[in-house]
Structure formats: C-alpha cells, structure tokens
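Letters A, B, ... mirror the listed sequences (proteins, then strands); counts begin at 1.
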Amino acid sequence: MAKLKLHNTLHSKKEDFTPINPNDVRVYACGPTVYNYAHIGNGRMAVVCDLLARILKELYPKVTYVSNITDIDDKIIAAAKETGEPIDSITNKYTDIYNEDMAALGVAIPDIQPRATQHIPDMIKQIEALIEKGHAYAAEGHVLYNVPSYEAYGALSGRSRDEQIAGARVDVAPYKKDPADFVLWKPSTDDQPGWDSSWGRGRPGWHIECSAMTEATLGFPFDIHAGGSDLKFPHHENEIAQACGAHGHENAPEEYARVWVHNGFVVVEDEKMSKSIGNVQLVHDLIKDHKGEVLRLALLSAHYRQPLNWTANLIEQTQNTLDRLYRTLKDLKDVEAEKNIPASVMDALCDDMNTPAALAALIEIAGNAAKADESEKKKIKGALLSSGAVIGILQEDPDKWLGYDSASSEDAEEIESLIAQRKEARENKDFAKADEIRNKLHSMKIEIEDTAEGTIWRKIG
RNA sequence: GGCGCGGUGGCAGAGUGGUUAUGCAGCGGAUUGCAAAUCCGUGUACACCGGUUCGACUCCGGUCCGUGCCUCCA
C-alpha cells in the first residue's frame, strides 16, 4: 500500500502522513462565504480537497471530511443591503448554487458541511475560554484576541510579530491593546444580524467560526487542515491562536491541526483574476459551455501547489485528453473490467497529490490497450475505471461522452438517411457527392467514421 | 520594506546528481476513394553567471525576470 506524503505548510516540507487515529482520519477545509457565485479559484480549492478526501478514503477505512459554509459575514450584510434581499435568502440561494456548481465539477458533498450560524454558541464558548485563559479581552462591545499573549503566533506563516507590525497597513482601532490584536466578536447595530452574548448583541469575527466548527465537528487535534494559500495569514494563523489558546496549548500549534495543506492560485490567461480586470471566471458560467469533468481535470492538470494558468487552450487540451481516454474505454467496451488501481497511479497521487504524474501514468496504461491480450485488457479497463474513480473522472458511458449514443436525437432519421445516400454514392463511385454529403453532416456537427462494421456517427462540439 | 514561490522543448506540465516523463500541436509513415478514428516513427528543453563534483537541468552562491502574501480574498 502506498504511503501518503503531503507538503505540510507548518513545517514547510513534504512529510509522511500519519493519522492520529487511522480508523477515523479527520480533515477540514475552509469553505466559501455565500454571497455570490463561486469562481474557478474556489473550484480549484474544492476539487483539490475533494481529491484529498478521495485519496484518504482509498487508504483508510473512515475519513471525516468537513468543509464549512460561511453564512454570516460583513460582505453578506453588505450584499443584502445593496440588493434588498434578506440575508437568509441570499445565503440559502448561494449555498445551493455552490453545491450544485461543485457537484458539476465532481466534488462530493463533504461528510459534514456546517454553517457558521449554526455554531454561534460554540464560538461564544471558545471566546469565553480565551478570555478566561487571558488570551482575549472585551472592549467597547468587542472582544479581541490579544496576540502577544500567544507565544507561538506566526508559526504557520513564518513571520515574526515585529514583521507584522512593520507591515501593518490598517488603522489601529483605539480599543486594541496591541496593533496585531484581532476581532473575535463585534457589536451589531439593530439592522445587522446579531446574537445575544455577555458582551452584548453582536456577531462573530471571521476567524473564530473555523476554530469553533472544527472543535464541534472534529475535535482537537485533527489531521489535516486545507485551504487556499492566501488564507495562511492571517486566517489560519488566527485559527491556531484561537484553538490552541482556548485549550492551553500555549506553544504547540500542532495541537490544533497536524498537517496544513494550501493550494495555489488560479490566474486567467496570464493575468491575476480580479473584479477590476473583469476576468473572474465563474464555475456557474463555465459549466454551461464545458463538461464539468473537463473543468475538473483541467484544474488538476498542474500540481495543486503550483499556480494554474486558466486558458481556453487548457480546456481544449483537457477535453482532448479525456476524449482519448474515453475512446480507449469504448474500444474496451466488451471487456470485463478487473478493478485495481495501478501502483504507478496511486504512488503519484500519494506523492503530495502529484496529479500530472498520475495522469501521465494513466495515459501510458491506456496506450497499451490496443496491443494488449484479453487478460491485459481486463486489467487496463479496470485500471482506467478505478484510477478514474479516485481522480474523479472516466465514470461516464464512453458512447455518451463521445456523442455516439445520439440515436435519440431528433435529427437521427435525417442523419441516417444522409449516410445511406452517401453509401449509395460511394457504391456508384460518385465520390464528389459522397464528400458533399459528408461536409453537410459535418456542418450539422456530425462526424462520421467508416469502420469495418459500416459507417458510424457521433455528435461533436 | 518583510516573508514566500517560480523561471523546463512551439504550448501545457512532471521529475531526477549520471539512463533526459507525459499530453497537445508539428513533421514523416501505415490505414482510408478521400476523411475520421487508430497505430508506428520523429524533438537531447531545463533563465543567466560562477562554484562543488568524475559528472548538474537537478546541490551551493550571485544576477536578471516573473509572481503570491503582508488589508477582504480560494
């Protein structure tokens, strides 16, 4: 059995993964704030974490994968104000859309998908523990985390406290004891959502929800914490301070999460994806023009820690790759699959999720199909299907994928008739007419293939 | 300014101290009336300059370029 290695941001190196409890591997990933559509960068994080969960589920009997929904946040409040739509209706709507869009990318729903608003009491409890242990203080309706009180602060992002102050570009609120202190709880006005607490009616700061929800759903410490690399600081750093501070692990950041996995960013046609450039690619839109499976594999075409350049060419190449693999599966249609993930694929996936190498291994296996004997064919088909299941590809019917199952299409009769006419023309050696018919079919997005068993056709594009 | 990451053949993208993935595109061939699909063959690339070494694309130092975070952000 392959041994999983993961790059652990906490130690800045690739390490053997050893679960705390092999009978229940626990993983958490920071999920979306639901106030608009998810973009392809959100999609990358979801796909990478989904892949991680699938690999772990392959290796261990039980895996609990938790990814949250942030449904209380000032951006949501602002969106509600702007649109006049109630907050609940915004968050419910975009939660559903998020889950639908991710499902299109082959992302399974997490084992637990907690919502921040369902865990307010857990947050309050953690904040109270922090106050009790001297890590937090109330001031003017706020509760703040006192950063100097937590010695190990900076362990994840690798920056010293002095560096943070030097880099601080925000105005320091007067009620802060230290410029680096951050908000755990803040007061709400009457028109803002709020919950009663001993510090008055208010709402949580951004960071507290994750350390409260991980504690509620997974317990401390848990195995793997994942997220986008931009969350390292301050979000993940603050989570560690909150979780460890509340439980007396003063200098032991690994008592929160043992392994930290951070994925790289997506750029679009060599440009940073940003609202101001206007090049934000929404998953919701992309799935209208492309198969979700193509988008998924495109997101996995580079190593997850590398930047990914999202281009039209990338999508096209990925489509070609999948077409080819599905064609191999079509050729093996009558072969009984002997399911087994080949070591070359699993080793690559276990090597810090090296998806390009895993895909190369899979393509190499597929390439052997044509000259394989019957028993090898069974293994090849099984390898494609079972490897594909882990990566999240190749589970469709090949005929359907390639467009051969269009018998139900409304113009099937016309197509068949044209093919018959072409056949007749060919028999009469009237090749000009035969080619003309073929061109006509092509303009109808129909591609024909003359095979030993006669002419077959498929829908393209 | 601080911390970090990266520069690989036309493009995408792994990897390794010495046998130089993989895909797409290209080129040549087989097959085909022509196509399509498939198959076979074909490309010694690793930013620059030094150093270590029997040997470096891979290790060390420097240079240039690009890029992320330090503020909401996947």
Side-chain angles (χ1 to χ4, degrees), chain A residues 9 12 29-33 38-49 73-75 78 154 157-160 162-171 206 226-235 237 262-267 270-275 280 297-309 311 313-325 327-328 330-331 344 348 351 354-364 366-367 369-371 402 422 425-427 429-432 434-435 438-439 441-442 446-452 455-458 460:
Chain A
T9 311
S12 294
C30 292
T33 302
H39 56 63
I40 194 66
N42 303 114
R44 185 182 197 191
M45 174 263 152
V47 166
V48 166
C49 293
D73 181 278
D74 286 2
K75 291 193 292 289
S157 50
R159 47 187 106 219
S160 73
D162 291 345
E163 285 161 9
Q164 288 159 51
I165 293 169
R169 277 190 257 155
V170 256
D171 290 337
W206 174 36
S229 53
D230 57 320
L231 295 182
K232 270 181 230 171
F233 186 87
H235 184 56
E237 198 72 71
H262 291 101
N263 66 272
F265 263 39
V266 175
V267 296
D270 288 312
E271 273 189 316
K272 182 177 175 159
M273 183 165 61
S274 81
K275 277 183 191 164
V280 176
L297 192 62
L299 287 171
L300 295 174
S301 68
H303 184 89
Y304 75 92
R305 282 191 289 113
Q306 294 301 122
L308 178 71
N309 191 14
T311 63
N313 187 37
L314 171 67
I315 298 173
E316 194 186 322
Q317 284 200 14
T318 308
Q319 172 83 50
N320 287 343
T321 301
L322 280 171
D323 283 355
R324 214 177 148 83
L325 288 171
R327 207 167 265 287
T328 303
K330 178 177 163 60
D331 292 343
S344 59
D351 183 13
N354 190 336
T355 46
L359 190 63
L362 201 57
I363 288 167
E364 201 175 338
K371 49 177 183 266
L402 294 166
R422 175 169 169 273
R426 290 177 74 208
E427 277 161 2
K429 304 270 188 231
D430 186 355
F431 295 121
D435 290 350
R438 191 180 59 215
N439 289 339
L441 284 163
H442 196 83
I446 299 300
E447 186 177 88
I448 56 172
E449 297 167 37
D450 296 328
T451 72
T455 300
I456 58 174
W457 57 278
R458 69 182 191 116
I460 53 173

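- Per the geometry, CH2 belonging to A:Trp457 stands 17 Å off C1' belonging to B:rA37, to the nearest Å.
- Residue contacts shown for A:Gly31 are absent, as no nucleic acid heavy atom lies under 4.0 Å away.
- For B:rC69, the OP1/OP2 oxygens have a side-chain nitrogen or oxygen of A:Lys272 closer than 4.0 Å.
- When heavy atoms are screened at a 4.0 angstrom cut-off, A:Glu447 is found touching the sugar-phosphate backbone but no base atom.
- Out of B:rA14, B:rA74, B:rC34, the shortest distance to the side chain of A:Ala357 is found at B:rA14.
- Whole-Å rounding puts the A:Lys275 NZ to B:rC72 P distance at 15 Å.
- In this structure, CG of A:Leu231 is placed 14 Å from P of B:rU71, rounded to the nearest angstrom.
- Out of B:rA74, B:rG15, B:rA35, the shortest distance to the side chain of A:Asn354 is found at B:rG15.
- Comparing B:rC70, B:rC72, B:rA14 by their closest approach to the side chain of A:Lys75 singles out B:rC72.
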Decide side-chain contact (heavy atoms from CB on, under 4.5 Å) for A:Leu441 and A:Trp457; before the verdict, give the C-alpha distance in whole Å, the side-chain angles of both, and the deciding distance to 0.1 Å.
-> CA-CA 9 Å; A:Leu441 284 163; A:Trp457 57 278; over 6 Å; no
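- By the 4.5 Å heavy-atom criterion applied to side chains, A:Leu314 and A:Thr318 are counted as neighbours.
- Taking atom C1' in both B:rC57 and B:rA21, one finds a spacing of 14 Å when rounded to whole Å.
- The shortest distance between the side-chain N/O atoms of A:Lys371 and the OP1/OP2 oxygens of B:rC40 is below 4.0 Å.
- Nucleotides B:rA45 and B:rU16 place their C1' atoms 15 Å apart, quoted to the nearest Å.
- Using a 4.0 Å heavy-atom criterion, one finds that A:Val48 contacts no nucleic acid atom at all.
- When heavy atoms are screened at a 4.0 angstrom cut-off, A:Gly41 is found touching base atoms of the nucleic acid.
- By the criterion of a centre-to-centre distance under 5.5 Å and near-parallel planes under 30°, the ring of A:Phe265 forms a stack with the base of B:rA74.
- Within 4.0 Å of A:Arg305, counting heavy atoms only, lies no atom of the nucleic acid at all.
- In summary, the side chains of A:Glu316 and A:Asn320 do not present any donor paired with an acceptor at a separation below 3.5 Å, with no hydrogens or angles considered.
- Taking atom P on both nucleotides, B:rG4 is separated from B:rG62 by 13 Å, rounded to a whole Å.
- You'll find that the side chain of A:Pro356 is closest to B:rA14, out of B:rC39, B:rG33, B:rA14.
- For B:rU71 and B:rU44, the P atoms lie 50 Å apart once the distance is rounded to whole Å.
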Between protein and nucleic acid, restricted to nucleotides 23-25 of chain B and to nitrogen or oxygen atoms under 3.5 Å apart, what atom pairs and distances do you find?
from: B:rG23; atom 1: O2'; to: A:Thr321; atom 2: OG1; distance (Å): 3.4
from: B:rG23; atom 1: N2; to: A:Gln317; atom 2: OE1; distance (Å): 3.0
from: B:rG23; atom 1: N2; to: A:Gln317; atom 2: NE2; distance (Å): 3.4

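- Partners of A:Pro234 by side-chain contact (heavy atoms from CB on, under 4.5 Å), not counting sequence neighbours, listed by chain and number: A:His207, A:Asn238.
- Looking at the side chain of A:Phe233, the nearest of the listed nucleotides B:rU22, B:rC70, B:rA74 is B:rC70.
- Taking every side-chain heavy atom of A:Asn42 into account, B:rA74 is the closest of B:rA74, B:rC34, B:rC39.
- With hydrogens and angles ignored, a donor-acceptor pair under 3.5 angstrom links the side chain of A:Asp435 to the base of B:rG33.
- In this structure, A:Thr318 reaches neither bases nor backbone, as no heavy-atom distance under 4.0 Å exists between it and the strands shown.
- Remark: the separation of the C1' atoms in B:rC46 and B:rU8 is 4 Å, to the nearest Å.
- As a whole-Å value, the separation of A:Leu314 CG from B:rC11 C1' is 11 Å.
- At the heavy-atom level, A:His303 lies under 4.0 Å from the strands shown only through sugar-phosphate atoms.
- A donor-acceptor pair is defined here as one N or O able to donate and one able to accept, closer than 3.5 Å; no such pair exists between the side chain of A:Ser229 and the backbone of A:Gly264.
- Remark: A:Asp73 engages A:Lys75 in a salt bridge (Lys or Arg N to Asp or Glu O under 4.0 Å) (not counting sequence neighbours).
- Annotation: of the two residues near RNA chain B, A:Val266 and A:Arg327, the 5′-most nearest-nucleotide partner is A:Arg327.
- The distance between atom NE2 of A:His39 and atom P of B:rC72, rounded to the nearest whole Å, is 16 Å.
- Although no hydrogens or angles enter the test, the distance criterion places a donor-acceptor pair under 3.5 Å between the side chain of A:Glu237 and the main chain of A:Gly154.
- The side chain to side chain donor-acceptor pair (under 3.5 Å) check on A:Ser12 picks up nothing, with sequence neighbours excluded.
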If you write RNA chain B from 5' to 3' in dot-bracket form, with Watson-Crick or G-U pairs under 3.5 Å, [ ] for crossing pairs and | for pairs with another strand, what do you get?
-> (((((((..(((.....[...))).(((((.......)))))....(((((..]....))))))))))))....
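- In this structure, A:Arg44 reaches neither bases nor backbone, as no heavy-atom distance under 4.0 Å exists between it and the strands shown.
- For A:Asp450 against B:rC34, a side-chain-to-base donor-acceptor contact under 3.5 Å is present.
- Residue A:Asp430 contributes atom CG, which lies 16 Å from atom P of B:rG33 at whole-angstrom precision.
- Residues passing the salt bridge (Lys or Arg N to Asp or Glu O under 4.0 Å) test with A:Asp435, sequence neighbours excluded: A:Arg438.
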Distances under 3.5 Å between protein N/O atoms and the N/O atoms of nucleotides 42-47 of chain B, please, pair by pair.
none

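- Residues meeting the ring-ring contact (aromatic ring centres under 6.0 Å, His included) test with A:His262, sequence neighbours left out: A:His236.
- Residues passing the salt bridge (Lys or Arg N to Asp or Glu O under 4.0 Å) test with A:Arg44, sequence neighbours excluded: none.
- Not counting sequence neighbours, the partners of A:Asp270 by the side chain to side chain donor-acceptor pair (under 3.5 Å) test are A:Asn309.
- By the 4.5 Å heavy-atom criterion applied to side chains, A:His39 and A:Asn42 are counted as neighbours.
- Across the protein-nucleic acid pair, A:Tyr304 atom OH and B:rG13 atom P stand 17 Å apart, rounded to whole Å.
- One atom, CG of A:Leu297, and another, P of B:rG13, lie 13 Å apart when rounded to the nearest Å.
- In this structure, the salt bridge (Lys or Arg N to Asp or Glu O under 4.0 Å) partners of A:Arg305, at least two apart in sequence or on a different chain, are A:Asp352.
- In this view, A:Asp450 and A:Arg422, A:Arg426, A:Thr455 satisfy the side-chain contact (heavy atoms from CB on, under 4.5 Å) rule, not counting sequence neighbours.
- To the nearest whole angstrom, the two C1' atoms, one in B:rG2 and one in B:rC59, are 27 Å apart.
- Using atom P as the reference point in both B:rA12 and B:rA36, the two lie 27 Å apart (nearest Å).
- When each of A:Gly264 and A:Ile448 is assigned the nucleotide of RNA chain B with its nearest heavy atom, A:Ile448 is the one assigned upstream, toward the 5' end.
- Nearest to the side-chain atoms of A:Arg422 among the listed nucleotides B:rA74, B:rC34, B:rA36 stands B:rC34.
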